[in-house]
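What follows is a short report on a single structure.
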Protein chains: 2
Amino acid sequence: MKLSAAMQKLIKSVRFDDSGLVPAIVQDDQDGTILMFAFMNKESLRMTLEMKKVVFWSRSRKKLWLKGESSGNVQMLKKIYVDCDQDCLLVKVKQLGNAACHTGMRSCFYREIRPSGALSVIGKRIFDPKKVYAA
Amino acid sequence: MKLSAAMQKLIKSVRFDDSGLVPAIVQDDQDGTILMFAFMNKESLRMTLEMKKVVFWSRSRKKLWLKGESSGNVQMLKKIYVDCDQDCLLVKVKQLGNAACHTGMRSCFYREIRPSGALSVIGKRIFDPKKVYAA
């Protein structure tokens with residue numbers, strides 16, 4: 001599906017930073033869980049809108065990153081929002097496989113900083129990363 | 001309240017970027033609404049944990065920024081999480097005044113990118129910024 005002229009114009013209106021990136025918060029569309037946080041560049045945003053599957057820019061690997069390309073845990077785009085300054089995106093998704101984190105946890109934010117200063121693991125592991133990323 | 005040695009150690013374990021900043025996602029602790037997105041430096045994270053009120057680093061003003069210092073819409077810290085890479089924070093808060101955005105909207109993410117490419121305003125304005133920021 002080719003994006004409309006209006007959508008192409010909208011993509012241009014997003015304020016990407018000096019590195020050409022915009023932060024993207026990924027939230028479960030159903031229960032509101034924050035699943036992960038990553039960055040998009042213009043091309044990954046365009047692909048996300050076109051494919052309805054979430055694509056990021058991997059800063060460590062310096063390449064486009066279709067979320068779930070290795071694990072199969074693709075994020076289906078449900079809704080997408082831009083913030084007041086147009087320099088951050090909120091992406092609401094259906095998380096296939098029910099886990100977003102490469103550790104096998106549902107959310108990347110699986111550790112709470114307790115008032116004591118301890119890190120407390122919350123939530124449960126959905127998959128075993130050793131098996132999923134074995135190949 | 002002075003932070004414990006364990007908490008000071010934990011703050012040091014957060015992976016601040018080359019600019020000394022870490023992204024922080026702010027979510028309503030009760031209904032899961034994403035309220036805003038901003039950055040913290042080490043000092044603002046320390047202050048947030050100590051005061052139980054959310055403090056950011058304002059990149060535009062280059063100063064510590066107690067959220068709500070002008071509007072009164074302070075964010076009371078309820079819970080705080082670190083992600084798998086320890087380079088992003090999720091901050092769950094009670095939002096005083098029920099609005100986080102300087103536009104008077106409850107959330108900064110008040111515009112949905114529609115499949116047509118239009119921006120659709122969602123949610124309602126809680127306060128009139130002209131009145132709140134008049135002084």
Side-chain angles (χ1 to χ4, degrees), chain A residues 1 3-11 13-14 17 23-28 31-39 45 49 52 59-60 77 79-92 100-105 107-120 122-123, chain B residues 1 3-11 13-14 17 23-28 31-39 45 49 52 59-60 77 79-92 100-105 107-120 122-123:
Chain A
M1 185 192 78
L3 293 176
S4 66
M7 188 60 98
Q8 291 180 41
K9 190 175 168 188
L10 196 147
I11 292 171
S13 75
V14 172
D17 69 12
I25 302 162
V26 183
Q27 185 176 32
D28 183 288
D31 68 11
T33 302
I34 303 303
L35 296 169
M36 63 177 286
F37 172 83
F39 290 86
L45 175 57
L49 291 164
K52 308 282 186 198
R59 294 181 303 167
S60 56
L77 178 67
K79 287 180 177 170
I80 182 164
Y81 304 82
V82 66
D83 80 341
C84 48
D85 297 326
Q86 295 203 201
D87 60 3
C88 186
L89 301 171
L90 170 59
V91 187
K92 295 198 181 185
C101 188
H102 73 288
T103 60
M105 306 297 280
S107 162
C108 293
F109 298 92
Y110 61 88
R111 290 173 300 178
E112 184 184 348
I113 302 175
R114 303 287 300 160
S116 66
L119 273 185
S120 172
I122 52 157
Chain B
M1 186 192 78
L3 293 176
S4 66
M7 188 61 98
Q8 291 179 41
K9 190 175 168 190
L10 197 146
I11 292 171
S13 76
V14 172
D17 69 13
I25 303 163
V26 183
Q27 184 177 33
D28 183 288
D31 68 11
T33 302
I34 303 304
L35 296 169
M36 62 179 284
F37 171 83
F39 290 87
L45 175 56
L49 291 164
K52 308 283 185 197
R59 294 182 302 169
S60 55
L77 179 67
K79 287 180 177 169
I80 182 164
Y81 304 81
V82 67
D83 79 343
C84 47
D85 297 326
Q86 295 204 200
D87 62 2
C88 186
L89 301 171
L90 170 60
V91 187
K92 296 199 181 184
C101 188
H102 74 286
T103 60
M105 305 297 279
S107 163
C108 294
F109 298 92
Y110 61 86
R111 290 174 301 178
E112 184 184 347
I113 301 175
R114 304 287 300 159
S116 66
L119 273 185
S120 171
I122 52 157

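Just so we're on the same page: letters track the sequence lines, and every chain starts at 1.
In this structure, the separation between CD1 on Ile80(B) and CZ on Arg114(A) is 13.0 Å, given to the nearest 0.5 Å. Note: Lys92(B) NZ to Glu112(A) CD = 8.5 Å, rounded to the nearest 0.5 Å. In this structure, CD1 in Ile34(A) is found 3.0 Å from CD1 in Ile34(B), a value given to the nearest 0.5 Å. Atoms CD1 and OG, on Ile113(A) and Ser13(B) in that order, are 7.5 Å from each other to the nearest 0.5 Å. Rounding to the nearest 0.5 Å places OH of Tyr81(B) at 9.5 Å from OG of Ser107(A).
The shortest side-chain heavy-atom distance between Pro115(B) and Lys52(A) falls under the 4.5 Å cut-off. Side-chain atoms of Leu89(A) and Phe109(B), non-hydrogen and from C-beta on, never get closer than 4.5 Å to each other. Between Cys84(A) and His102(B), some side-chain heavy-atom pair lies under the 4.5 Å cut-off.
Top candidate by heavy-atom pairs under 4.5 Å with chain B, chosen from Cys108(A), Ser120(A), Ser4(A), Ala6(A), is Cys108(A). In terms of heavy-atom pairs under 4.5 angstrom with chain A, the leader among Leu90(B), Thr103(B), Ile11(B), Asp85(B) is Leu90(B).
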Candidate pair Ser116(A) and Met7(B), rule side chain to side chain contact (heavy atoms under 4.5 Å, CB included), full reasoning: CA-CA 7 Å; Ser116(A) 66; Met7(B) 188 61 98; over 6 Å; no
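Contact annotation for Asp31(A): neither backbone nor side-chain heavy atoms come within less than 4.5 Å of a heavy atom of chain B. Of the atoms belonging to Cys88(A), heavy atoms from both backbone and side chain fall under 4.5 Å from chain B. Of the atoms belonging to Ala5(B), not a single heavy atom falls under 4.5 Å from chain A. For chain A, the nearby parts of Leu119(B) are the backbone and the side chain; heavy atoms of each come within less than 4.5 Å. Within the 4.5 angstrom heavy-atom criterion, only side-chain atoms of Phe37(B), from C-beta onward, approach chain A.
A donor-acceptor pair under 3.5 Å is formed between the side chain of Arg111(A) and the backbone N or O of Asp83(B). At least one donor-acceptor pair closer than 3.5 Å links the side chain of Gln27(A) to the backbone N or O of Gly32(B).
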